[in-house]
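Below is one structure, written out as structure tokens; the observations come after it.
Numbering of ligands and ligand atoms starts at 1, following listing order. All heavy atoms count here, side chains included; hydrogens, waters and symmetry mates do not.
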Amino acid sequence: MDQTDRPEKLLVIGLDCAPPALVFDAFRDDIPNLAALMDSGMWGPLRSCNPPITVPAWAVMTTGKSPGRLGVYGFRNRVDYSYGRLAVADGTFIKEDRVWDILSRLDRKVVVLGVPQTYPPKWVNGSLVAGFLAPDTNSNYTFPIPLKMEIKNQVGEYLIDVKNFRTDDKDYLIKQINDMTDRRFALAQYLVKNKPWEFFMMVEMGPDRMHHGLWKHCDPKHPQHDPASPYKNALREYYMRLDKHIGALLDCVDRRKTAVMVVSDHGAKSMIGGVCINEWLMEQGYLVLKHKPVKQMKFDESLVDWPRTRAWASGGYYARVFINVEGREPQGIVPGSEYESFRDELAQRIKSIPDHTGRAMNTRADKPQDVYSQVRGVPPDLFVYFDDLNWRSVGSVGTGAIYTFENDTGPDDANHDWNGIFIASGPGIEKRGHTPQMSIIDVAPTMLSLLGAPAPQDMQGGSML
Ligand SMILES: [Zn+2]
């Protein structure tokens, strides 16, 4: 990049879960501000990390390091090889520098708003408002702490996230999400105008909540789509609202000196149903419970007859499968010498689970060691993506069936998808138009490059510019 082209500032707008199919295609004509950024710069699909999940994807994007390197494999991670010791991966799990840590140490001013895994807040050279794992606005969710009083004065009751987004009350859900988004962008405008910054990054959770709550109403390809649904335009209307907010935020910056990025951590797709992975493991004799469940219940490690169990799993948008290894788990029974062959057998058998109609599924079962060059913390033994994420994983037991079309954690009709979005425009960014697939691991070095700060040697990606 020519020194004269370099932007003085970088503004990053994160839209959690925004997929290429909606932003680049279906809604493009209705979102003029985003379309103008695309037309004047570069845009294309951004391949998420493995797993393509909010935690750890935003941390991967802002550190330039893989989940294996971060040692974070999902929202809840095993803290050791005992049974049932899981911890929510909040900001304390991220030991690697984020882009704003590096810039802060270079005495550059930063503003960070709503980025996941930033609670509890740490020192930055500027302002930080923690993201959605912060408990509520009574907590010390800002750095510096008095900033939270300023927020209350400026935008009233700030909403970190939507409570109970898996609900049948769609009117409530849409109102909550709109309120949250309106207040977050009002706060963004306030911070952009009133705080010094060279790097500004915000993440809006609303798209993720809208997709999970309303996808089937809006996607004619969803098996439960009802063309007469009163919510059939809800996603389009929400993106139009987002686009207006983005336009208003862009009006607050000097575009000649400011590069702009719009990014998402992963995409979204229609979800057909759920595979009850623990039910399947029980049916196949890999998992044995102390008592046969008489009704559907949440899986809990205390239910398991460990001396007779070889594998168990947790549910979610993907399955994490764990093997009960002798000498590793407290009551492990799979000998270490048979671990790899057992894991291969299990992966093959999981991949051959057909769908509810008997059709073969395109299921992936990945080993952490094959996916990451470095594996820290306690990873699952297998990451399973049923039918390449067309189906989710259900952890509950006692469901009485392998397939379910009711989600065990409440109504949810979208799954995550591998590709998010990347749009960049402004000084320092060539007008390249549509750009073939880019990678989330390259975003942090690209941000640093735009601001003329060297990327640390141990960042795994490289600048896309
Ligand atoms: Zn996300």
State whether H266 contributes an N/O/S atom found under 2.8 Å from the Zn ion (ligand 1). yes
Report the distance from atom CG of L287 to atom CZ of F322, rounding to the nearest 0.5 Å. 12.5 Å
About how large, to 10 degrees, is the angle OG1 of T54, then the Zn ion (ligand 1), then OD2 of D16? 100°
Y385 and ring-ring contact (aromatic ring centres under 6.0 Å, His included): which partner among W418, Y317, W391? W418
Would you say the side-chain atoms of D90 and T92 include a donor-acceptor pair closer than 3.5 Å? yes
Give a yes or no on whether a salt bridge exists between E150 and K195, defined as a side-chain N under 4.0 angstrom from a carboxylate O. yes
For the Zn ion (ligand 1), find the closest N/O/S atom on D265 and give its atom name. OD2
